[in-house]
Structures are given as C-alpha cells and as structure tokens.
Amino acid sequence: MVRKQIEARGITDPNVLAALRRVPRHLFVSEALRDQAYGDYPLPIGEQQTISQPFIVAEMTQALELGEEDRVLEIGTGSGYQAAVLAEIAYRVYTIERIRTLYLQARRLFDELHYHNIVTGYGDGTAGWADESPFDAIIVTAGAPAIPEVLVRQLAEGGRMAVPVGGQHSQDLIKIYKDEKGIHQKNLGGCRFVKLVGEHGWKES
Ligand code: SAM
C-alpha cells in the first residue's frame with residue numbers, strides 16, 4: 001500500500017510513511033471488509049460514514065508537518081485510523097466524534113492497541129476543544145461549508161490545519177498556516193468527504 005499508493009504519488013515525509021507502515025488498517029474496518037482494507041479507496045464503517053482512502057490520510061497528515069512534541073486535534077474520529085496514524089508521530093492526539101457508536105468503537109480499539117496518547121471526545125467537534133487549545137495542528141476529516149473560524153482560533157501561532165472546504169458532495173483540501181500576521185491558505189486539490197455536521201458546519205438532513 002505505502003509503496004504503490006503513497007510514495008508513488010509523492011508523499012515524502014518519513015514520519016508519515018513510517019506511521020502508515022505501522023498502523024494495522026485492517027483492524028479499523030469490519031471483518032467483512034478486511035480483505036479490502038489496504039485498497040486504494042475509502043470503505044464504509046457504518047452509520048453512513050467512511051474510513052478515508054489511504055492516500056488522503058497520508059496527504060492530510062503530511063500537510064500537518066507534525067513533530068514529536070505536537071498536540072493535534074482531529075474532528076471526525078470515524079474508525080479511528082487517522083487518529084492512530086497521527087498518534088504514531090505526535091505527542092498527543094485529541095479526537096472528537098459526534099456519532100456515539102463510532103466514538104465507543106474507536107475508543108475500545110485505541111485501548112486494545114495501546115494508543116495511550118489518544119484522548120477521545122464525544123459531541124459536536126465544530127466547537128473544537130477550547131479547554132485543551134491552542135493546538136499545534138488541527139485536522140478536519142469531514143467536509144466543511146467554510147473555513148471553520150472557531151477552529152482557526154484554537155490553532156497556535158505557527159500551527160497548521162488541514163480541512164476539506166466546499167459543497168456537500170465535493171470539496172477542496174485546504175491547508176492553513178497561522179502566524180503572527182494571520183492565516184495563509186493553500187489549496188491542495190479536490191477531495192470528497194462526508195459532511196461536517198454541527199453548529200458551525202452543515203445542518204443535519
Ligand atoms: N478520520 C476518520 C477515519 O480515520 O476513519 C474518517 C472520518 S469520516 C470521513 C467523517 C467522520 O466525521 C464521521 O465519523 C462523522 O460522524 C464525523 N463528523 C461529522 N461531523 C462531525 C462533527 N461536527 N463533530 C465530530 N465528528 C463529526
């Protein structure tokens with residue numbers, strides 16, 4: 001998977017490549033889908049949600065430019081796979097999920113796999129995690145209608161954010177860098193994520 005789907009498409013951060021080699025992706029999908037876990041596509045995880053394609057996980061993780069002392073916030077725990085990849089590199093990962101069954105399932109898996117540096121939260125992640133802010137990096141793994149200003153406020157100076165922004169069915173992956181002058185944005189290209197649903201996201205339909 002890493003050689004053919006990730007390195008071949010230009011991901012070079014050695015920490016990201018090593019993390020993807022370490023995390024057992026097949027444990028983050030249902031038994032029925034295990035033989036497809038390393039395929040070049042997203043997979044359903046129940047509750048009409050998905051585990052992202054491996055390349056998108058790699059691209060977003062690389063965009064965060066993580067170091068081993070960084071504290072990271074993830075919105076959209078889902079299967080927990082992206083959080084596990086982040087936890088292989090960063091000091092601590094805070095991850096929030098709004099669907100209770102997914103939150104509980106991911107929490108159990110983090111325990112089983114001994115990811116003691118992942119802190120889980122249940123609820124609407126569009127409000128961020130103010131008590132633990134500021135974060136060195138923030139990753140939003142659901143499509144937002146606009147750049148989430150609440151989350152930008154919880155980003156440290158020097159912090160990086162990766163967030164899909166656009167319509168309900170397709171978005172652009174935006175990398176944000178925050179410094180003393182404000183925020184700088186770079187469009188990393190098109191992507192397709194399920195909706196970010198919440199007070200500062202899309203309304204539930
Ligand atoms: N990062 C996940 C993984 O590695 O499996 C994939 C995330 S999936 C594409 C998007 C997730 O975001 C879903 O589980 C969905 O329930 C969650 N989500 C959507 N809106 C949310 C919100 N406001 N707060 C927290 N989670 C949210």
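When a ligand or atom number is given, it counts from 1 through the structure's own listing order.
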Exercise for the section: Return the orientation label for the Tyr38 and His26 ring planes: parallel under 30°, perpendicular over 60°, tilted otherwise. Expected result: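 Correct class here is tilted.
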Exercise for the section: Could you tell me how the ring of Phe110 sits relative to the ring of Phe28: parallel (under 30°), tilted (30 to 60°) or perpendicular (over 60°)? Expected result: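 Ring orientation of Phe110 relative to Phe28: tilted.
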Practice task
Determine whether any heavy atom of Glu199 lies closer than 4.0 Å to an atom of ligand 1.
Solution key: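 It does not; every heavy atom stays at 4.0 Å or beyond.
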Practice task
Any chance you could lay out the side-chain hydrogen bond (donor to acceptor under 3.5 Å, both in side chains) test for Gln82 and Thr61, step after step, and finish with the verdict?
Solution key: CA-CA 8 Å; Gln82 172 74 76; Thr61 309; 2.9 Å; yes
Between [X] and ligand 1, is there a nitrogen or oxygen pair with a distance under 3.5 Å?
| X | result |
| --- | --- |
| Val197 | yes |
| Ile51 | no |
| Gly125 | yes |

Ligand 1 versus [X]: contacting region, heavy-atom distance under 4.0 Å:
| X | value |
| --- | --- |
| Ile99 | side chain |
| Glu47 | neither |
| Thr77 | backbone |
| Thr141 | both |

Problem - Arg192, CZ atom: more than 12 neighbouring heavy atoms under 6.0 Å - result: no
Handout entry: Shortest protein contact, atom 14 (O) of ligand 1 (heavy atom only)
Key =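 Here the closest protein heavy atom is Glu97 OE1, 2.7 Å.
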